[in-house]
Amino acid sequence: MITKIQSKIVMSNPVFRLSRSTLTIPTILNLATFSPARTRQLHAHIIKSGLLIDNSLSSKLLSLYSNHRCFAEASIFLDSIDEPSSSSFSVIINALSKFNLFYNVVDLFRKMLSKGVCLDSYLLPAVAKTCAGLSAFELGRQVHGLAQVSGCTLDVVVQSSLVHMYVKCGRLIIARKVLDEIPEPDVVTFSAMIAGYARNGDVGMAKRLFGDMGKLGLEPNLVSWNGLIAGFNQSGRHLEAIHVFLDMHLRGCQPDGSSFSSVLAAIADLEVLNVGIQVHGYVIKRGFACDKWVVSSLVDMYGKYACVSEMKQVFDEMGCMEIGSCNALVSALARNGLVNDALAMFSRMREHKMDLNVVSWTSMIGCCSQNGKDVEALELFTEMQLAGVKPNAVTIPCLLPACGNIAALMHGKAAHCFSIRRQITNDVFVGSALIDMYAKCGKIRDSQLCFDAMPTRNTVSWNAVIGGYAMHGKYKEALEMFDLMLKSGQKLNFITFTYLLSACNQKGLVDEGWHYFISMQKEHGVEAKMEHYACMVSLLSRVGKLEEAYSLIKEMPFKPDACVWGALLSSCRTYKNLQLGEIAAERLFKLEPRNPGNYVLLSNIYASKGMWGDVDRVRDLMKDMGLKKNPGCSWIEIKNKVHMLLAGDRTHSQMSQIIHKMEALGKEMKKAGLDPKIDYVLQDVEEQDKEQMLCGHSEKLAVAFGLLNTPAGFPLRVIKNLRICGDCHAVIKFISSIERREFFVRDTNRFHHFKDGECSCGDHW
Ligand code: ZN
Ligand code: ZN
């Protein structure tokens, strides 16, 4: 019975101004375009009016619900049907698969089978698409089996969908078997198979099948050509991709935006700029110079060839601000190290009130964190969230290095919490970036916890945790992880050994270093690269085996770079070895003439020997070249804000308090009989001035600043952009005992954990 009020509501709706007698099934079935609300009303009305819901009416209702994505309602209705037919399930499954809700498809399909409903060929393509979307090969094979049993495999559409599924799952042999069973396959299915071979890098099979198409009287269309080009490009067969593009042109098939995009991407990864320019000409001729995908690919290609003006020109000629090509320009500028241009472009995008998407923000954040603009990266991340754009599993790994670089632990933790809320911590890139961030922020235990929690790990994850232990000077733990990595069967790469050697280096373990350096090549087939030689040279020279280090340099199979010579030079400075120091410095002046650090190191050696004339000569050389000493710079995070302190910076608002604090500590040190290490000051100045200059080192300023602004006992983390000097090291050790504080100081080389007057490095760094 319909109450009066209910019938009033129903009848006030124009659709229902039908008398009960006119509300027949055919009438309802013609009401094709219903809003979700009206569908619900209609459904309610049908129930109330006691109309018999037959198979076609229920299918109609289910499809109305499903096409509006009202799957909850659809599912409740489905459950209410006593004996649902396969078409009822088909309607929902097809809609779910259309919206790529693959897991829901699987659930519903299972439910359908458990109810003993027979399969039909209308439903199977959607299920096959689901298996393809999930790359669920095993499930796909079961579906194939069911299809065979139910006789659905006689249907060409089902067979084609199975070919697509096996291709997507990378099972080309089975895909080919199914394809060969189709009596008259269409061009699209054929093309999918060809693209599959191409994506697998199987040039021969792809080309042969492409030829077979012609024999069967099938003319390759744009889809076939594009699939082949894109496939070769994705499998890294860039040259083949270009050849197919040429072939396509010669055989009179006109390329479209998608063909251009794929071939330009292939060209970008090869050293064939002139081909790129020709294709660019072709793009203009065919009228695709304003196609957003093509412009993005052109910008990307020119960006990879470092043709900055061309890439800007292509972008400007498009004549409009389109988000995809703007994003491409930002990343191309970033790739060429033009971080300021990228930032300018980004603010232009914001001025134009463009709908910045997650890609725009992520590429800008990545650009900043890769180019030393860590604070800016953190700010952008905050702005992104304020703008209502949700970071994703790519954003977080772009942001976390910035947190690590400046030890912004609070920001890093916030990003971690965010990842947990968004359920992306299982992502292998997010997990690896978290390991690295915690290690760089001094929280090596948290790195290990993140590592342990990862459901799947790759080489990057293992390397991150080994690298973390190396940075903290924890050789034993690094080695343990290395052994576990070996046992896990994970592929080792050159970075694994760089970290392992660096762990040996931190501890001065010469024998172990040699062992891994040799076994790396002999047992693991990893060739020694520059980084490994640099580690070995550093290891040998830092324990004083300068001659042995120099011999290794001379034996290197390639020309040593600045890192290698730099490692030797800085140890020559420690051991005051003038002869080798001059050799290393001479090479370095040629390799990186504008790096002030090398001149400073050499003048340091002269200064330590009292050769003030030579000190002046080097300093004049620097002055003539307009080089200034790299300003020492340290960062400390206090109350969620990262503070930067510069050596000798008198403009800092708390500088007088900082100096006061340092002086007070200096007096305490003298009382305790600890004298500052005066020979770490370069200049030839009066003894007292030297002490004052030491007072100005940025890491000490940061430590004093931290002491002033945090409660007693609060551990402090400081990052320095240069290597910590012997004096600061001694001073911070002293402060850690007198102030009863823990300090984590990270310099360019490693972590120093100061506690109770000792440092974790054991004074070896
Ligand atoms: Zn210092
Ligand atoms: Zn130390």
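Just the heavy atoms: all of them, side chains too, but no hydrogens, waters or symmetry mates, feed the values below. Counting convention: from 1, in listed order, for ligands and their atoms alike.
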- Query: Looking just at side-chain N and O atoms, do Glu637 and His411 make a donor-acceptor pair shorter than 3.5 Å?
  - Reply: yes
- Classify the side-chain pair Asn505/Ser538 by whether it contains a donor and acceptor separated by less than 3.5 Å. yes
- Item | Non-hydrogen atoms of Tyr438 and His416 that approach each other most closely | OH-ND1, 2.8 Å
- Which N, O or S atom name in His752 marks its closest approach to the Zn ion (ligand 2)? ND1
- Message: To check your reading of the site, what angle at the Zn ion (ligand 1) do SG of Cys728 and ND1 of His697 form, to 10°?
- Response: 120°
- Task: Please state whether the separation between the Zn ion (ligand 2) and some N/O/S atom of His753 is under 2.8 Å?
- Result: no
- Row for the Zn ion (ligand 2): angle NE2 (His729) to SG (Cys761), 10° precision, value 100°
- Item | Salt-bridge criterion met for Asp614 and Arg617 (N-O under 4.0 Å) | yes
